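For reference, the structure discussed in these notes is given below.
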Number of protein chains: 2
Amino acid sequence: MSDTRQDVRKPRLSRERILDAAMGLADRDGIEALTIRALADELGTKPMTIYHHIDGKEALLDGMVDAVFSEMAKPPVELEWRDALRVRCRSAREVLGRHPWSVPLLESRHHPGPELLAHHESVLVTLDRAGMPLPLVAHAYAVLDSFVYGFAMQEANLAVQRGDEDAELAGEIAAAFDPGAYPMMTRFAMEHAMRPDFNFGDSFDVGLDLLLDGLARAVDRERA
Amino acid sequence: MSDTRQDVRKPRLSRERILDAAMGLADRDGIEALTIRALADELGTKPMTIYHHIDGKEALLDGMVDAVFSEMAKPPVELEWRDALRVRCRSAREVLGRHPWSVPLLESRHHPGPELLAHHESVLVTLDRAGMPLPLVAHAYAVLDSFVYGFAMQEANLAVQRGDEDAELAGEIAAAFDPGAYPMMTRFAMEHAMRPDFNFGDSFDVGLDLLLDGLARAVDRERA
DNA sequence: CTTGCGAATCGTACTAAGTACGTCTAGCGT
DNA sequence: ACGCTAGACGTACTTAGTACGATTCGCAAG
């Protein structure tokens, strides 16, 4: 009873409930469907109520980005640095894939939240215990994150096109093809990319290993 | 005379002039400042006039993205594949850096323009003549573009923060730091990232070489 | 030089979205 | 029981995209 009353009354809204709903809405309907009004409907309330918990839409987006970082696994300290980073990067890619709207947002937010900072700290620590000097740490971090973000960005792109129409889109693209204007692209599509067993995501581990192997060699060179 | 008259009269507007102005405006004031009204002002005209040349704002953005691709150097056919790709990737990074707003757009456009298609074709051809089998071509392309896009995205991020306030921003971030809550980040910043000779962009060539070297090794393994 | 046609331009207005401001109300402590 | 305050809400203003119809301009033919 008191539970019911409390549930309906007191904590009707909270920053967390709003963030959860916002992320769910963005996951489901896309980031462009995330409007304050739609969010209010989702929460069974009115637009202005949301402003009592969150300081404008920018702050909402900042909060969502930080929540995304909170979902990413940090590099496990008990693993050797390469394995630890592999775990972290795979998790990051998976999380970004689950929240495709977040990828372009990562770029435009300039208010790092606590989760983001903690995440960065943990990665830096891992690179440090790999024995990298600071300049190499900087390169390693920049390079790994560039790859992860960029890959997630391309995957998000593909996902949208897949969900959009597929047939219509493919037809449109095909129509733009002069017969044989792009022979290599055509061959590539026909003989590989359109095959049922082709999976863009398979390239992730390939690239990740390329980078980790290269970094390991760089560490070895430092040691010598 | 007739030149003057023609210059003032006939071609008052055109798709090209609109695209140029839109890109200039986005470069100068940021993509969020690119509104149809602002663009009309920039061109000395009225909003609705623009719609006679371009089919809505989405089409405008599509056109801008394609224009960005047109600025990127294709891999020169006369160079060995690794050098050719290095030229292409460096150029891509430079162009994306010049048009920071374009990076998030690359993801959201699903109407590939002719320049984009031609660019992709040229890269695929280069990978093909490197002797890669199609599956490796796919991996190479995915991995290289992920890195280039992701790197450009992070650079765009830094550029914004730099231009924004610098002092205010740095203070804000510093304020979020519990004294010593992020020791490795602090050390990294103090002893490396805040030093005047530190340059994030230096990591680009490092990562690019990591990937190209790794791909070259993969090609060699295929040969064996 | 006039006239008329079609393309380019513009004015008006509607819709969607973010949000400032003032009011209202429920539930708490006194 | 009563008033105080946090949270919720209604209204309305602002910015932005864009549909629709009227208007104007430049050129070519008479």
Side-chain angles (χ1 to χ4, degrees), chain A residues 1-23 25-26 28-65 101 104-105 108-111, chain B residues 1-23 25-26 28-65 101 104-105 108-111:
Chain A
M1 276 311 122
S2 72
D3 264 345
T4 303
R5 218 181 44 224
Q6 189 185 5
D7 194 67
V8 176
R9 294 270 127 243
K10 198 49 174 311
R12 27 240 282 219
L13 270 196
S14 71
R15 182 186 153 85
E16 291 212 12
R17 261 174 43 80
I18 292 176
L19 279 178
D20 280 355
M23 293 179 69
L25 209 164
R28 181 153 42 80
D29 301 339
I31 189 67
E32 71 286 343
L34 175 62
T35 121
I36 298 290
R37 291 165 213 264
L39 181 55
D41 283 349
E42 182 94 358
L43 288 162
T45 179
K46 303 287 146 133
M48 287 320 293
T49 304
I50 292 174
Y51 284 78
H52 279 272
H53 298 272
I54 288 186
D55 184 26
K57 191 169 190 185
E58 289 298 293
L60 175 66
L61 297 176
D62 284 340
M64 290 168 72
V65 166
W101 45 266
L105 283 191
S108 52
R109 308 292 91 195
H110 0 122
H111 288 277
Chain B
M1 272 313 121
S2 73
D3 264 347
T4 302
R5 217 181 45 223
Q6 189 184 7
D7 195 66
V8 176
R9 294 272 129 241
K10 195 51 176 307
R12 31 239 281 217
L13 270 196
S14 70
R15 181 187 154 85
E16 292 212 12
R17 263 176 40 82
I18 293 177
L19 278 178
D20 280 354
M23 292 179 71
L25 210 163
R28 182 153 42 78
D29 302 337
I31 188 69
E32 71 285 343
L34 175 63
T35 112
I36 298 291
R37 291 165 213 266
L39 182 54
D41 282 350
E42 182 93 358
L43 289 163
T45 180
K46 303 289 150 145
M48 287 320 293
T49 305
I50 292 175
Y51 284 77
H52 279 270
H53 299 271
I54 288 187
D55 184 26
K57 192 169 190 185
E58 290 297 294
L60 175 66
L61 296 176
D62 284 339
M64 290 169 71
V65 167
W101 45 266
L105 282 191
S108 51
R109 307 291 94 195
H110 358 124
H111 288 277

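Numbered from 1 within each chain, the chains take letters A, B, ... in sequence-line order. It should be emphasised that the depicted structure is a prediction, and the values quoted were computed from it without experimental measurement. Worth knowing before you read on, the calculation uses all heavy atoms, side chains too, and leaves out hydrogens, waters and symmetry mates.
- At the phosphate of dA8(C), neither OP1 nor OP2 sits under 4.0 Å from any side-chain N or O atom of Thr49(B).
- Counting all heavy atoms, side chain and backbone alike, Leu43(A) lies closest to Ala21(A) at CD2-CB, 3.6 Å.
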Write down the protein N/O and nucleotide N/O pairs, taken from nucleotides 18-21 of chain C, whose separation is under 3.5 Å; answer none if there are no such pairs.
| residue | atom | partner | partner atom | Å |
| --- | --- | --- | --- | --- |
| dG18(C) | OP1 | Lys57(A) | NZ | 2.5 |
| dG18(C) | OP2 | Thr35(A) | OG1 | 3.2 |
| dG18(C) | OP2 | Ile36(A) | N | 2.8 |
| dG18(C) | N7 | Arg37(A) | NH2 | 2.5 |
| dG18(C) | O6 | Arg37(A) | NH2 | 2.8 |
| dT19(C) | OP2 | Tyr51(A) | OH | 2.5 |
| dT19(C) | OP2 | Lys57(A) | N | 3.0 |
| dT19(C) | O5' | Tyr51(A) | OH | 3.3 |

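- In this structure, CG of Leu43(A) is placed 11 Å from P of dC9(D), rounded to the nearest angstrom.
- The CE atom of Met23(B) lies 10.5 Å from the CG atom of Leu60(B); values are rounded to the nearest 0.5 Å.
- A 6.0 Å sphere centred on CG of Asp55(A) holds no more than 12 heavy atoms belonging to other residues, nucleotides or ligands.
- In this structure, His53(B) reaches the dT9(C) phosphate: one of its side-chain N or O atoms is under 4.0 Å from OP1 or OP2.
- With sequence neighbours excluded, the residues that form a side-chain hydrogen bond (donor to acceptor under 3.5 Å, both in side chains) with Glu42(A) are Arg28(A).
- For Thr49(B), the side chain to side chain contact (heavy atoms under 4.5 Å, CB included) criterion is met by Leu13(B), Thr45(B), Lys46(B), not counting sequence neighbours.
- Atom CD1 of Ile50(B) and atom P of dA16(D) are 13 Å apart (whole Å).
- Between the CD atom of Glu32(A) and the C1' atom of dA16(D) there is a distance of 17 Å, given to the nearest Å.
- Rounding to whole angstrom units, CG of residue Leu39(B) and P of dT18(D) are separated by 12 Å.
- Judged by atom type and distance alone, His52(A) reaches the base of dA8(D) through a side-chain donor-acceptor pair under 3.5 Å.
- In this structure, Ile18(A) atom CD1 and dA8(D) atom C1' are separated by 12 Å, rounded to whole Å.
- The side-chain heavy atoms of Asp41(A) and Arg37(A), taken from C-beta on, include no pair separated by under 4.5 Å.
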